[in-house]
Amino acid sequence: QVQLVESGGGSVQAGGSLRLSCAAYGYTYSSGCMGWFRQAPGKEREGIAAIYTGGGSTYYADSVKGRFTISQDNAKNTLYLQMNSLKPDDTAMYYCAADYRLYPCDTWLGLTPNYWGQGTQVTVSS
């Protein structure tokens with residue numbers, strides 16, 4: 001059974017940084033995509049960053065490209081999202097997600113992943 005546990009959310013002023021972590025239990029880093037999604041109140045869910053666990057290729061939504069960096073530490077079974085230059089529009093609940101289905105990870109960001117974490121709140125004040 002796959003379990004994803006996020007941490008690292010919080011409140012920060014605009015321009016600040018946060019790093020989210022996602023501990024993955026029962027998930028094998030051999031193929032498939034892992035990534036981060038977010039949802040703000042009244043808005044649709046947005047897939048913002050993904051990584052192909054079999055090779056490390058990364059993919060980003062335009063809204064975060066150049067500011068956010070996704071990475072994985074296979075030895076620790078942990079996924080990270082480094083978020084820099086945060087804006088109030090980045091305020092949302094952030095979810096870690098994973099999948100074994102072999103979609104291109106940029107396509108996968110538009111789908112509903114099979115495995116989800118419980119989410120961690122990020123609030124950016126102006």
Side-chain angles (χ1 to χ4, degrees):
Q1 183 178 356
V2 175
Q3 184 180 10
L4 305 174
V5 181
E6 302 99 332
S7 61
S11 297
V12 65
Q13 289 193 326
S17 298
L18 284 173
R19 188 176 81 156
L20 305 183
S21 299
C22 172
Y25 303 95
Y27 182 77
T28 303
Y29 284 70
S30 60
S31 63
C33 306
M34 289 193 76
W36 294 91
F37 292 70
R38 69 184 182 185
Q39 188 163 21
K43 295 187 178 180
E44 291 188 357
R45 184 184 67 212
E46 179 185 20
I48 58 170
I51 188 166
Y52 175 59
T53 62
S57 297
T58 58
Y59 307 85
Y60 298 93
D62 288 343
S63 58
V64 305
K65 197 173 295 182
R67 300 187 298 123
F68 291 9
T69 302
I70 188 171
S71 61
Q72 62 184 23
D73 184 331
N74 291 1
K76 295 182 178 179
N77 275 14
T78 301
L79 183 74
Y80 301 100
L81 184 69
Q82 178 66 44
M83 306 186 294
N84 298 328
S85 302
L86 283 161
K87 306 174 182 179
D89 282 350
D90 295 317
T91 296
M93 185 71 79
Y94 284 70
Y95 298 91
C96 174
D99 219 312
Y100 287 120
R101 294 174 297 173
L102 295 179
Y103 288 102
C105 292
D106 52 351
T107 299
W108 179 76
L109 285 174
L111 305 176
T112 299
N114 279 340
Y115 305 106
W116 292 92
Q118 82 287 354
T120 186
Q121 178 68 36
V122 172
T123 302
V124 184
S125 58
S126 57

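Worth knowing before you read on, the calculation uses all heavy atoms, side chains too, and leaves out hydrogens, waters and symmetry mates. Since we're looking at a predicted model, the values are computed, not measured.
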Quiz prompt | No-hydrogen, no-angle side-chain donor-acceptor test under 3.5 Å, Asp73 and Thr78 | solution = no
Quiz item: Hey, are the side chains of Thr53 and Gln72 touching, using non-hydrogen atoms and a 4.5 Å cut-off?
Solution: yes
Practice problem: Report yes or no: do Tyr115 and Tyr94 belong to one cluster of Ile/Leu/Val/Met/Phe/Trp/Tyr joined by side chain heavy-atom distances under 4.5 Å? | Solution: yes
Exercise. Output, in order, the C-alpha distance, side-chain angles, deciding distance and verdict of side chain to side chain contact (heavy atoms under 4.5 Å, CB included) for Ile51 and Ser57.
Key: CA-CA 6 Å; Ile51 188 166; Ser57 297; over 6 Å; no
Quiz item: Which is it for Val122 and Thr91 under the side chain to side chain contact (heavy atoms under 4.5 Å, CB included) test, yes or no, and what are the steps along the way?
Solution: CA-CA 5 Å; Val122 172; Thr91 296; 5.9 Å; no
Quiz prompt | Option from Tyr103, Phe37, Trp36, Tyr59 for which ring pair (Phe, Tyr, Trp, His ring centres under 6.0 Å) with Trp108 holds | solution = Phe37
Practice problem: List the steps, then state whether side chain to side chain contact (heavy atoms under 4.5 Å, CB included) holds for Ser17 with Gln82. | Solution: CA-CA 7 Å; Ser17 298; Gln82 178 66 44; 4.0 Å; yes
Quiz item: Is Val64 reachable from Leu109 through a run of hydrophobic residues whose side-chain heavy atoms are each under 4.5 Å from the next?
Solution: no
Self-check item: Rounded distance [0.5 Å steps], CG in Leu81 versus CE in Met34
Solution: 12.0 Å
Quiz item: Do you reckon Leu111 sits in the same ILVMFWY cluster as Tyr95, going by side-chain contacts under 4.5 Å, direct or chained?
Solution: yes
Exercise. Report yes or no: do Leu79 and Leu18 belong to one cluster of Ile/Leu/Val/Met/Phe/Trp/Tyr joined by side chain heavy-atom distances under 4.5 Å?
Key: yes
Could you give the side-chain donor-acceptor pairs of residues 1-12 under 3.5 Å, partners two or more places apart or in another chain?
from: Glu6; atom 1: OE1; to: Gln118; atom 2: N; distance (Å): 2.9
from: Glu6; atom 1: OE1; to: Gln118; atom 2: NE2; distance (Å): 3.4
from: Glu6; atom 1: OE1; to: Gly119; atom 2: N; distance (Å): 2.9
from: Glu6; atom 1: OE2; to: Cys96; atom 2: N; distance (Å): 2.7
from: Glu6; atom 1: OE2; to: Gly119; atom 2: N; distance (Å): 3.2

Quiz item: Taking the inter-plane angle between the rings of Tyr100 and Tyr27 on a 0 to 90° scale, is it parallel (under 30°), tilted (30 to 60°) or perpendicular (over 60°)?
Solution: parallel
Quiz item: Closest approach of Ala14 and Pro88, non-hydrogen atoms and distance?
Solution: CB-CD, 4.0 Å
Exercise. Determine, step by step, whether Leu86 and Phe68 satisfy the side chain to side chain contact (heavy atoms under 4.5 Å, CB included) criterion, reporting the C-alpha distance in whole Å, the side-chain angles of both residues, the deciding distance to 0.1 Å, and the verdict.
Key: CA-CA 9 Å; Leu86 283 161; Phe68 291 9; 3.8 Å; yes
Practice problem: Indicate, with yes or no, if Tyr60 and Tyr80 share a hydrophobic cluster defined by side-chain heavy-atom contacts under 4.5 Å among Ile, Leu, Val, Met, Phe, Trp and Tyr. | Solution: no
Exercise. Give every residue pair that meets the salt bridge (charged side-chain N to carboxylate O under 4.0 Å, His left out) criterion with at least one member in residues 12-38, sequence neighbours excluded.
Key: Arg38-Glu46, Arg38-Asp90
Quiz item: Checking salt bridge (Lys or Arg N to Asp or Glu O under 4.0 Å) for the pair Lys87/Asp89: CA distance, chi angles, key distance, verdict?
Solution: CA-CA 5 Å; Lys87 306 174 182 179; Asp89 282 350; over 6 Å; no
Quiz prompt | Linked hydrophobic residues, Tyr52 as query - side chain contacts closer than 4.5 Å | solution = none
Quiz item: NZ of Lys65 to OG1 of Thr58: how many Å apart, nearest 0.5 Å?
Solution: 10.0 Å
